[in-house]
Q: 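This is the structure, below, for whatever I ask next.
Chain naming here is simple, since letters A, B, ... match the order of the sequence lines and numbering starts at 1 in each. Heavy-atom basis, side chains included; hydrogens, waters and symmetry copies ignored.
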Amino acid sequence: MSQARIPGPLLALAAAGLLLFLVPLAALIVRAPWDQVGPELVAPETTTALGLSLFCSLTATALALILGVPLALLLSRTTGTVRAVLRALTTLPMVLPPVVGGVALLLAFGRRGLAGAPLYTAFGIQIPFSTAAAVIAETFVAMPFLVIAVEGGLRALDHRYEESARALGAGAWKVFARVTLPLLRPAIFSGAVLCWARALGEFGATITFAGNLPGRTQTVPLAVYVALETKAEGAIVLSLILLAVSLAILVGLRDRWLGA
Amino acid sequence: MEAPDLYASGAVRLSYAGSQTLASQLLQGAKADVFASADVEHMTAVEDAGLIDGTPQVFAHNRLEIAVAKGNPKNIRGLRDLSRKDLVVVLADPSVPAGKYAQEALAKAGATVKASSLELQVTGVLSKVALGEADAGIVYVSDVKTSGQVDGVPIPESENVIADYPIAILKGAPNLRLARSFVAYVLSSKGQAILEAAGFEKA
């Protein structure tokens with residue numbers, strides 16, 4: 001054996017940790033009304049929520065990529081206090097209870113919000129209760145995952161490639177687009193996938209900021225909550241669909257990590 | 001221990017949530033001594049599952065009111081006004097008692113309302129009106145009274161829905177004696193006075 005053996009006690013703890021994930025998952029699968037999976041899957045409420053969830057989470061991921069990669073670049077180039085402050089700001093949504101995040105978004109982009117009030121008075125734009133609000137909520141909560149991953153990638157980067165490109169006369173934009181970005185591809189990919197998975201499961205900020213309306217703001221996690229109160233089987237089926245999607249993502253990502 | 005001292009002693013631990021959440025927690029095997037519900041339906045669900053000791057008793061009533069911004073700037077006078085196009089109206093989801101009652105009241109008034117959101121808790125409706133994101137929402141009279149951040153537009157008797165709040169001791173209650181004295185306290189004139197002060201109607 002080339003690898004060192006894991007000490008017995010650590011192995012036991014690892015098994016306990018694994019069980020914590022496995023038992024609830026198994027419970028969902030065992031309790032699932034399998035005969036209802038088909039009808040539930042094609043029920044209009046399910047397909048509407050699923051479609052909306054996919055749209056919102058993908059749009060949120062795209063937004064996170066557009067805003068998050070430059071943000072990670074900025075983070076990686078700063079040092080000291082500036083970096084500490086920027087970092088804390090970026091990771092805040094990860095530790096903030098999502099419901100509080102939702103309230104903060106309301107206070108910022110609501111009709112009476114800091115940024116929302118001028119929008120409303122000038123153009124009559126109301127962001128809360130719209131699909132845009134659901135996308136904003138998901139981006140707010142999920143983007144830190146992308147930023148952290150990309151920043152990690154940037155810090156691990158061999159900067160000699162960029163220096164060579166610069167020495168050969170490439171401008172800042174060209175170095176970024178032709179050298180930095182291609183080198184960052186694995187980090188961006190894994191960050192985007194994590195960000196997407198987090199956006200897909202978002203609940204608290206969405207219900208608080210965007211509300212709950214089928215077809216407009218009721219994503220799968222919200223539909224699961226409603227179903228849980230009325231017909232538990234529907235909730236389990238919806239949860240399983242979400243689980244299957246998340247699991248597929250994470251298994252796909254594993255190859256990325258181990259392959260690197 | 002005498003009932004009035006229950007709070008001071010910290011002997012009563014309260015777990016608040018929408019009735020439907022509490023009912024599903026109990027149905028999934030959560031241990032508790034007393035269950036108080038905002039409607040009869042969820043109490044019946046728990047009773048039908050054989051989890052109730054004795055018979056549930058109604059301990060309070062509540063009725064609906066339209067929550068609006070302070071001073072009622074949009075001049076909302078009744079349920080039929082809620083179908084106005086210039087209003088952002090938020091209701092509780094019909095799976096929540098307050099949402100079910102709201103649908104009943106709107107049907108009585110013959111009003112069709114396009115809600116911007118079907119909130120998962122009545123407090124969600126209240127907070128969205130309080131924050132100014134919604135112009136109106138249908139909540140309980142007690143919510144308006146205790147909030148302080150919204151005004152209430154009364155709904156006439158003929159369109160209103162009276163909510164019954166039942167309370168019951170659960171089978172296998174770990175603290176049966178305490179549970180009995182708590183229920184007795186809620187039903188006593190002292191308990192009823194507290195509920196009345198919070199905007200509920202006496203049982």
Q: Just so I know, are the side chains of Leu131(B) and Leu107(A) near enough to count as touching, which here means a heavy-atom distance under 4.5 Å?
A: yes
Q: Measuring from Glu133(B):CD to Thr208(A):OG1, what's the distance to the nearest 0.5 Å?
A: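 Atom-to-atom, Glu133(B):CD and Thr208(A):OG1 are 12.0 Å apart.
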Q: Tell me whether Lys114(B) at atom NZ has more than 12 heavy atoms from other residues, nucleotides or ligands lying less than 6.0 Å away.
A: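 Open.
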Q: Does any heavy atom of chain A fall under 4.5 Å from the side chain of Ser24(B), the backbone, both, or neither of them?
A: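 Answer is side chain: those atoms of Ser24(B) sit under 4.5 Å from chain A.
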Q: Could you give the distance from OG (Ser117(B)) to CZ (Arg216(A)), rounded to the nearest 0.5 Å?
A: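 If I round to the nearest 0.5 Å, the distance is 9.0 Å.
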Q: So which residues of residues 80-95 of chain B are in contact with chain A at a heavy-atom cut-off of under 4.5 Å?
A: Val88(B), Val90(B), Asp93(B), Ser95(B)
Q: Atom NZ of residue position Lys202(B) - does it have more than 12 heavy atoms of other residues, nucleotides or ligands inside 6.0 Å?
A: no
Q: Taking non-hydrogen atoms and a cut-off under 4.5 angstrom, which of residues 153-176 of chain B neighbour chain A?
A: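 From residues 153-176 of chain B, none sit under 4.5 Å of chain A.
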Q: Please classify the contact between Gln218(A) and chain B as side chain, backbone, both or neither, with a heavy-atom cut-off of under 4.5 Å.
A: neither
Q: Of all of Asn212(A), Val103(A), Leu213(A), Leu106(A), which one pairs up most often with chain B through heavy atoms under 4.5 Å apart?
A: Asn212(A)
Q: Do Gln121(B) and Ile207(A) have side chains that approach each other closer than 4.5 Å (heavy atoms only, starting at C-beta)?
A: no
Q: Take atom CG of Leu18(A) as the centre, draw a 6.0 Å sphere, and report whether it contains more than 12 heavy atoms from other residues, nucleotides or ligands.
A: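 Yes - once you tally the heavy atoms of other residues, nucleotides and ligands closer than 6.0 Å, there are more than 12.
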